[in-house]
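Here is the naming used below: chain letters follow the sequence lines, and residue numbers restart at 1 for every chain. This one's a predicted model, so the numbers in the text were calculated from it and none came from an experiment.
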Protein chains: 2
Amino acid sequence: MAGSDTRTLGARRQDAEIDAAEPGQERGGRLPAALRHARIIASFEKNGFVSITSLADELNVSGMTIRRDLDALGKRGLLERTHGGAVATGPLAITGASFDIEEPAFEQRMRLRALEKSAIAEAAAALVGPGESLGLDVGTSILALAQVLAGRRDLRVFTNNLRVGMLLAEANSTVYVLGGQVRVPEFSVIGPQAIAAVESHYLDKVFIGVSGLDAHGFYDYSPEDTEVKRALMASAGEVIVLCDSSKFNRRALSRVALLSGVGTLITDNAPPAELQAALEAAGVKIIIAR
Amino acid sequence: MAGSDTRTLGARRQDAEIDAAEPGQERGGRLPAALRHARIIASFEKNGFVSITSLADELNVSGMTIRRDLDALGKRGLLERTHGGAVATGPLAITGASFDIEEPAFEQRMRLRALEKSAIAEAAAALVGPGESLGLDVGTSILALAQVLAGRRDLRVFTNNLRVGMLLAEANSTVYVLGGQVRVPEFSVIGPQAIAAVESHYLDKVFIGVSGLDAHGFYDYSPEDTEVKRALMASAGEVIVLCDSSKFNRRALSRVALLSGVGTLITDNAPPAELQAALEAAGVKIIIAR
DNA sequence: TGTTATATGTGAGATAATGTTCAATAGTGC
DNA sequence: GCACTATTGAACATTATCTCACATATAACA
């Protein structure tokens, strides 16, 4: 895989500011760290673990560098170090057939673009001030944010997402879940009770996940989730949407809000020009996380 | 001496079962310990038993290593050693599915008296009629009950237990969680919102877990959980307590209710004479599950 | 262009995982 | 019960890997 993967990835690379070298041929052509990280993450897709020696071999760097890379990625919660390599955790977790009978769709989504989601989550967490009350919505990017926030004791987090609730509670953060019916596969809480519970609170910031956005607004697949999202947004001092760049110009069944209903959009790549113009016209602040 | 133990390394060089199929990757075909553990756990799915020689062969490691692995997994309560292998116990025996990496403490408790809890859960499930609304409380016995009920589509389940909520939702049962603060390590929901939500419903049956009982009533360690239990009991047509026999004559911080506040007690062994007399005097029906 | 940060490589000692041997032990068939 | 074989666990041997410090290379910048 080493050779062919390298070629494909390199050729398909969007931000091609650096010439990718052919591995094995040109010793000096090292990849920038970000690219190497992306490549490492991609290697997990197969079987949920990577070995240091094989990565060092494949990426033409020393074992020490890979070790440092894995440590860095580990700090971001994307993987867990083992002897000789690392296994996937959190967003990447593939779970070897025993634990975790989750919807394959959800896991797949979580692994897909895990690095981007992690960067988005980091940027989002940076906006959170001490002692704030937060609302965390449903979605893979939001779950990544929860992982970053896990352990912070000074926050008060409200969520309609049972995954987030368990994750944060386990980390001893203060977390409140909304009441209502549980909807799979997201494990989101929906219904009038949830909405009523939101309406009786004020939240400093709410972080919303969406399925798509275009010049006319933000979209989500689930009408039930959408109602809760709207309630969260209505109770919030600041509305922040987390969404990776694959969602640009994609629509779904429910329109969550107009562009103007959102204060900040955190994503991993600049939107297409037209969309960016619409966002700016609507007064949406755009944060590009890398 | 076992022939397979001393087989030369690399004899099974091209193990088609290892999905990697990487020429340069499988140096000696060694997996990190965590992955090997996951693979071992996965092997139980077939028949609840694994043999050391077959594992050593399959995973390309020596028998001694497998032995050490099984010991480690045994310490975590996931299996029990036998001659030449191991059998599944605890959470694995009931169902291999578990949505999360559970707390060791919880795993341990689940494994502890797993057989009894399973019998209690079966007896409790037998009481549930078609189309009923149920309340499921916190505790390992209750979680076992939820596992038995999982998949029944005709019920409406309310719970203050996020584990139960996720388990049932995943099985496509209709389940509502109460809103409120999440308390570890039980992942129970507590607080006034939860209590208010219960009070606006009527439940045909509620199943309550307790930490202990004596002639003066039922006890629980957590005052916060106790308040929700009381609310559940007040809204119920029938109150059923699930509790294994190790809880007899044990007390804890909060008294949940007097004996007379409970209709049925399901346990795995007859209570001591004095306690049994008190239960009967209070009109509690006792079901012994085997 | 020189100078500073950052990133990466290298090597030695420490550590952890695994392999090997071997006496003791538990199953198994008679 | 007895012989026989597979399994076991402890001690030791052997790797592979980790960590740490420092050297070197690369990128960033004035």
Side-chain angles (χ1 to χ4, degrees), chain A residues 6 15-21 23-24 26-41 43 49-76 79-87 115 119 290, chain B residues 1-13 15 18 20 22 24-41 43 49-76 79-87:
Chain A
T6 301
D15 39 34
E17 68 268 348
I18 297 205
D19 202 20
E26 206 174 328
R27 192 70 178 83
R30 240 179 280 138
L31 293 164
L35 270 248
R36 214 174 44 232
H37 288 185
R39 200 77 83 68
I40 291 171
I41 293 298
S43 306
F49 89 100
V50 292
S51 98
I52 289 185
T53 51
S54 69
L55 279 176
D57 193 37
E58 179 183 336
L59 301 176
N60 260 327
V61 292
S62 79
M64 193 63 222
T65 298
I66 298 293
R67 219 164 270 130
R68 283 188 269 243
D69 286 345
L70 294 183
D71 286 347
L73 293 169
K75 276 214 186 79
R76 292 170 60 182
L79 50 82
E80 192 173 334
R81 284 299 319 274
T82 67
H83 258 70
V87 294
L115 206 58
R290 295 230 111 95
Chain B
M1 150 179 356
S4 50
D5 267 21
T6 49
R7 125 208 73 73
T8 55
L9 223 104
R12 287 173 54 96
R13 178 79 184 77
D15 191 338
I18 297 179
E22 293 293 328
Q25 199 190 32
E26 298 282 332
R27 300 175 189 285
R30 221 176 273 160
L31 293 166
L35 258 279
R36 220 175 37 234
H37 288 185
R39 200 73 84 73
I40 290 172
I41 295 296
S43 308
F49 172 81
V50 292
S51 97
I52 289 186
T53 52
S54 70
L55 279 177
D57 193 37
E58 182 180 336
L59 301 177
N60 244 333
V61 293
S62 81
M64 193 63 218
T65 298
I66 298 293
R67 224 165 269 132
R68 285 188 268 241
D69 286 344
L70 293 182
D71 287 347
L73 292 170
K75 277 211 185 83
R76 289 171 53 188
L79 50 81
E80 195 171 330
R81 283 299 318 273
T82 66
H83 255 69
V87 293

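- Residue A/S43 holds its OG atom at 5.0 Å from CD of A/E58, rounded to the nearest 0.5 Å.
- In this structure the side chain of A/L73 reaches within 4.5 angstrom of the side chain of A/L115, judged on heavy atoms.
- In this entry the distance linking CZ of A/R67 with C1' of C/dT8 reads 13 Å, nearest Å.
- Set against C/dT8, D/dT7, D/dT17, the side chain of A/H83 has D/dT17 as its closest nucleotide.
- Contact annotation: B/R81 reaches the phosphate of D/dG9 (side-chain N/O to OP1 or OP2, under 4.0 Å).
- Side-chain N/O atoms of A/R36 include one lying less than 4.0 angstrom from OP1 or OP2 on C/dT8.
- Looking at the side chain of B/M64, the nearest of the listed nucleotides C/dT8, C/dT10, D/dG9 is D/dG9.
- Comparing C/dT8, C/dT18, D/dG9 against the side chain of B/D71 picks out D/dG9 as the nearest.
- Here D/dC18 presents its C1' atom at 16 Å from CG of A/L55, a figure rounded to the nearest Å.
- Distance A/L59 CG to C/dG9 C1': 15 Å, rounded to the nearest Å.
- Contact annotation: B/T65 reaches the phosphate of C/dG19 (side-chain N/O to OP1 or OP2, under 4.0 Å).
- Here B/S51 lies out of heavy-atom contact (under 4.0 Å) with every strand.
- Each of A/D69, A/T65, A/N60 was scored for a side chain to side chain donor-acceptor pair (under 3.5 Å) with A/R36, with one residue passing: A/D69.
- The minimum heavy-atom distance between A/A86 and A/L70, with the atom names listed, is CB-CD1, 4.1 Å.
- Side-chain atoms of A/R68 and base atoms of C/dG9 include a donor and an acceptor less than 3.5 Å apart.
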